[in-house]
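What you see is a predicted model, and the numbers here were worked out from it, not measured in a lab. Indexing begins at 1, ligand by ligand and atom by atom, following the structure's order.
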Amino acid sequence: MVSLIVGAQWGDEGKGKIVDLLSQKANIVARYQGGANAGHTLVIDGKKYVLHLIPSGILHPHVQCVIGNGVVIDPVALMEEIKMLEEYGINIEGRLFISHRAHLIMPYHKLLDAAREKAASAKDSENDRKNAIGTTGRGIGPAYIDKASRNGVRIVDLLDRKRFSDKLRANIGEVNKLLDKIYDYEQLDAEKIADEYCQFDTQIDPYITDTTMLLHDAIQAGKTILLEGAQGAMLDVDHGTYPFVTSSNPTSGGAATGLGLAPTAISVVMGVVKAYSTRVGNGPFPTELHDETGERLRSIGSEFGATTGRPRRCGWLDAFALRYSVIVNGISEIALTKMDVLDTFDEIKICTAYKLDGKVLKSIPADADTLERVETVYETMPGWKSSLAGIRRYEDLPQAAQDYIARIEQLSGAQVTIVSTSPDRADTIIRS
Ligand code: GDP
Ligand code: IMO
Ligand code: MG
């Protein structure tokens, strides 16, 4: 049985917590896209772990973790993460499997990411418009550009030193021209980078395998497999708020291409939904609150990025965007997180529709400038004004909390089957 866990909003919905929780009953957890731009937080008995590349099942010793072909791997970030886990006493030997088809993030991808963002920021004031995306600076966009333009360096290339050096030299030749002529940055030394990466080869060699066949065999053997999305539907390069998106497909279709799985192998898609909305970086965010309520959500919800530490923009739940996300992903079940953050609010709003020039829209505008202009239509519901801490049964939730959940179900068209009430693994209600 293969289940897919996707972010249904703009990322940081609490995917890490939900995947860790569901891993208790899984054999394999696999990541299919993104890279170290992700920051997935797991809290167990008060102890916090932040994972960027390694799947969120790693804390369960019986779980095998797969990094699929669709992920872009920064060896520096990967080695740091492995080291961190080892320091915590978590044994990863024989439990981590990395696709030989996955692309590598090279030092020049990070440089180009930073250089392009810097150049775009400089342009921001020229026409009073945001050009910078506000990326995480992890080299994600440039790595996927190289993949699409067929200049990418893959894990499999590391296995042949000569092929690797040749590719690297050719790529760096081009990058150096860009750095010199366009960005006025220092030149890169191809030989030095080749040496560094060949060292990684020996370190990551034990983990490299054909993960497509590994997953195929596991499915044949009837294993329980969780697929873990990074980012969220509204950051999807095809379906999100383009161009203010990441460069991969976090939506459920990306799981098939990012792992070499048939779409028909996936039995269920669960969307992770935060009880309100957040977004990091630039781009349209119709329900964003620039007032005290937004500040309150940020401070109660500790809304600061797990990867970059940047404050997250906050606003009410956007059920119009959520409905779109449910459709695009095929979400039938929702894990609703951070309900506790709303404990003290007198009233809670939900955005049910967008209006443009006075007219109610049937669908989300594809164009970011138009999306910036939409007006949000809200419904207001009473808050529950009590702490959800320690509640373990759905029926024990205050009536106003149950009503809020029922309304989310109606508006989104998916059923809320998990409710999370704190960062800790234990504080979760599983609805039977
Ligand atoms: P991810 O990227 O989707 O895995 O989410 P992040 O880890 O980036 O951000 C989610 C944040 O919310 C983390 O700090 C989690 O520890 C925290 N979190 C998850 N679920 C809950 C919840 O139900 N209540 C509260 N208060 N925090 C939560
Ligand atoms: P998780 O998996 C939230 C955002 C960045 C930026 C845009 C593009 O933790 O939910 P990129 O570095 O990917 O080129 O940046 O996407 N972004 C995320 N926002 N959660 C994430 O991951 C994100 N990964 C990227 O802030 O707006
Ligand atoms: Mg995150």
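- Using a 30° and 60° split on the angle between ring planes, Y88 and Y49 fall in the perpendicular class, above 60°.
- Of the heavy atoms in S422, only backbone atoms (N, CA, C, O) come closer than 4.0 Å to ligand 1.
- When heavy-atom distances to ligand 1 are checked against a 4.0 Å cut-off, R312 comes that close only through its side chain, counted from C-beta outward.
- At the top of the distance list for atom 5 (C) of ligand 2, counting protein heavy atoms only, stands G134 O, 3.6 Å.
- In this structure, R310 is not positioned above the aromatic face of F304 in the sense of NZ or CZ being under 6.0 Å from the six-membered ring centre and within 45° of the axis.
- Under a 4.0 Å criterion applied to the non-hydrogen atoms of K17, ligand 1 contributes the atoms 20 (N).
- Closest protein heavy atom to atom 23 (C) of ligand 2: Q231 CG, 3.6 Å.
- Surrounding CG of D184 are at most 12 heavy atoms belonging to other residues, nucleotides or ligands under 6.0 Å away.
- For ligand 1, the polar-atom distance check finds an N/O of G16 within less than 3.5 Å of one of the ligand's N/O atoms.
- In Y242, the OH atom is not crowded: 12 or fewer heavy atoms of neighbouring residues, nucleotides or ligands sit closer than 6.0 Å.
- Taking any N or O of R279, backbone or side chain, none lies under 3.5 Å from an N or O belonging to ligand 2.
- The N/O atoms of R310, backbone and side chain alike, include one that comes under 3.5 Å of an N/O atom in ligand 2.
- For atom 23 (O) of ligand 1, the closest non-hydrogen atom of the protein is S420 OG, 2.4 Å.
- In terms of polar-atom proximity, defined here as any N/O pair under 3.5 Å, G14 does make such a contact with ligand 1.
- Closest to atom 27 (O) of ligand 2, if we only count protein heavy atoms, is V280 O, 3.0 Å.
- Between E303 and K338, at least one side-chain N (NZ, or NE/NH1/NH2) sits under 4.0 Å from a carboxylate O, which counts as a salt bridge.
- The existence of a salt bridge linking D427 and R392 is confirmed by a sub-4.0 Å separation between a basic side-chain nitrogen and an acidic carboxylate oxygen.
- Of the N or O atoms in T136, one or more lie within a sub-3.5 Å distance of an N or O in ligand 2.
- In terms of polar-atom proximity, G39 is counted as a contact of ligand 2, with an N or O under 3.5 Å from an N or O of the ligand.
- Between the side chains of N249 and H239, no donor N or O sits under 3.5 Å from an acceptor N or O.
- With salt bridges taken as basic N to acidic carboxylate O contacts below 4.0 Å, one links D12 and R312.
- Under 4.0 angstrom from ligand 1, there are no non-hydrogen atoms of L42.
- Salt bridge status for R407 with E379: present, with a side-chain N to carboxylate O gap under 4.0 Å.
- The shortest side-chain heavy-atom distance between L51 and L85 falls under the 4.5 Å cut-off.
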Subject >> Test log, rule side-chain contact (heavy atoms from CB on, under 4.5 Å), inputs R116 and Y183 >> reply: CA-CA 8 Å; R116 285 178 184 144; Y183 300 115; 3.1 Å; yes
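- Contacts with ligand 2 closer than 4.0 Å are made by backbone heavy atoms (N, CA, C, O) of W10 only, the side chain lying farther away.
- Under a 4.0 Å N-O distance rule, the pair K385/D343 does not qualify as a salt bridge.
- A donor-acceptor contact closer than 3.5 angstrom links the side chains of Q33 and Q231.
- Interface of G281 with ligand 2, defined as ligand atoms under 4.0 Å from a residue heavy atom, comprises 27 (O).
- When each atom of ligand 2 is checked for a heavy atom of A38 under 4.0 Å away, the hits are 1 (P), 2 (O), 9 (O), 22 (O).
- Those atoms of ligand 1 with a heavy atom of T421 less than 4.0 angstrom away are 23 (O), 24 (N).
- Annotation: atom 26 (N) of ligand 1 to nearest protein heavy atom, D340 OD2, 2.7 Å.
- The protein atom (non-hydrogen) at minimum distance from atom 3 (C) of ligand 2 is D12 OD2, 3.2 Å.
- Closest to atom 15 (O) of ligand 2, if we only count protein heavy atoms, is T135 CA, 3.4 Å.
- Close approach to A230 involves these atoms of ligand 2, each under 4.0 Å from a residue heavy atom: 2 (O).
- Ring planes of F164 and Y197: parallel class, angle under 30° (limits at 30 and 60°).
- Counting protein heavy atoms only, atom 15 (C) of ligand 1 is closest to T41 CB, 3.9 Å.
- Looking at R31 and E228, no side-chain N of the basic residue comes within less than 4.0 Å of a carboxylate O on the acidic one, giving no salt bridge.
- The closest protein non-hydrogen atom to atom 16 (O) of ligand 1 is P423 CB, 3.4 Å.
- Of the polar atoms of D113, none of the N or O atoms is found under 3.5 Å from an N or O of ligand 2, judged by distance alone.
- Contacts between H40 and ligand 1, counted as non-hydrogen atom pairs separated by less than 4.0 Å, involve both the backbone and the side chain.
- Nearest protein heavy-atom contact of atom 6 (P) of ligand 1 is G39 O, 3.5 Å.
- Per residue D12, closest N, O or S atom to the Mg ion (ligand 3): atom name OD1.
- Not a single heavy atom of G232 sits under 4.0 Å from any atom of ligand 2.
- Nearest protein heavy-atom neighbour of atom 8 (C) of ligand 2: V245 O, 3.4 Å.
- Atoms of ligand 2 lying under 4.0 Å from at least one heavy atom of I133, given by number and element, are 8 (C), 27 (O).
- Judged by the shortest distance from any of its heavy atoms, R138 lies outside the 4.0 Å radius around the atoms of ligand 2.
- Checked for salt-bridge contact, R298 and E295 meet the test: a charged N lies under 4.0 Å from a carboxylate O.
- Closest heavy-atom contact between P365 and V374: CG-CG1, 4.0 Å.
- Between the Mg ion (ligand 3) and G11 there is no N/O/S contact shorter than 2.8 Å.
- Evaluated by nearest non-hydrogen atom to atom 17 (N) of ligand 2, the leading choice among T246, V237, L235 is L235.
- When only non-hydrogen protein atoms are considered, atom 10 (C) of ligand 1 lies nearest to D12 O, 3.7 Å.
- F285 does not carry R313 over the face of its six-membered ring by the limits of under 6.0 Å from the centre and within 45° of the normal.
- Close contacts between ligand 2 and K15 involve ligand atoms 1 (P), 2 (O), 10 (O) [criterion: under 4.0 Å to a heavy atom].
- We find that K110 and D74 are joined by a salt bridge, their nearest charged nitrogen and carboxylate oxygen being less than 4.0 Å apart.
- From the protein, the heavy atom lying nearest to atom 11 (C) of ligand 1 is K338 NZ, 3.6 Å.
- Here D396 pairs with R393 in a salt bridge; the nearest charged N to carboxylate O distance falls below 4.0 Å.
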